[in-house]
Undergrad: 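The structure under discussion is supplied below as structure tokens; questions concerning it will follow.
Residues take their numbers from the sequence shown, with the count starting at 1.
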Amino acid sequence: MELGADAWHQDEDGSYYIDCPECGSAATIANIVAHGRCNGYLNDRESDTDLDEAAMSCTAELSLELVYTSDPSVSGADEAVGGE
């Protein structure tokens with residue numbers, strides 16, 4: 001799945017995370033890179049969450065892919081920065 005700008009969240013410490021598509025718990029970038037799992041799986045939960053994550057069992061395996069293009073016209077970069 002492709003993530004949009006609204007999919008990323010930032011906590012009080014400045015760390016970025018997304019919501020796990022399977023269980024909805026936080027999935028920090030560090031945990032995705034190091035373990036391929038969300039906090040619900042790793043039992044490393046956000047302290048300020050309202051969800052009762054103690055009963056969650058998540059089987060999602062997560063990974064991130066960086067996509068790069070050397071042709072800025074392909075990605076629409078001109079429109080994104082207000083170019084003409």
Undergrad: Considering non-hydrogen atoms only, spot the tightest contact between Asp11 and Ser15 and give its length.
TA: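 Distance-wise, the nearest heavy atoms are OD1-N, 2.8 Å.
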
Undergrad: Name all residues meeting the side-chain contact (heavy atoms from CB on, under 4.5 Å) criterion together with Ala60; count only those two or more places apart in sequence or in a different chain, and write none if there are none.
TA: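 So Ala60 forms a side-chain contact (heavy atoms from CB on, under 4.5 Å) with Cys20, Glu22, Cys58, Leu62.
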
Undergrad: Got a sec, which residues hit ring-ring contact (aromatic ring centres under 6.0 Å, His included) with His35, two or more places apart in sequence or on another chain?
TA: none

Undergrad: Between atom OH of Tyr16 and atom CD of Gln10, what is the distance when rounded to the nearest 0.5 Å?
TA: 3.5 Å

Undergrad: What are the two closest heavy atoms between Cys38 and Ala27, and how far apart are they?
TA: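 So the minimum-distance heavy-atom pair works out to CB-CB, 3.7 Å.
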
Undergrad: Under the side-chain contact (heavy atoms from CB on, under 4.5 Å) test, which residues partner Leu64, sequence neighbours left out?
TA: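 Counting only residues at least two positions away or on another chain, Leu64 forms a side-chain contact (heavy atoms from CB on, under 4.5 Å) with Trp8, Ile29, Ile32.
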
Undergrad: What's the separation between atom OH in Tyr41 and atom OG1 in Thr59, rounded to the nearest 0.5 Å?
TA: 9.5 Å

Undergrad: Enumerate the residue pairs fulfilling salt bridge (charged side-chain N to carboxylate O under 4.0 Å, His left out) with a member in residues 28-43, sequence neighbours excluded, ordered by first and then second residue.
TA: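 Checked against salt bridge (charged side-chain N to carboxylate O under 4.0 Å, His left out) - neighbours excluded - the pairs reaching residues 28-43 are Arg37-Glu61.
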
Undergrad: Once you round to the nearest 0.5 Å, how far does OG1 of Thr28 lie from CG of Asn39?
TA: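 Between Thr28 OG1 and Asn39 CG, I get 5.0 Å after rounding to 0.5 Å.
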
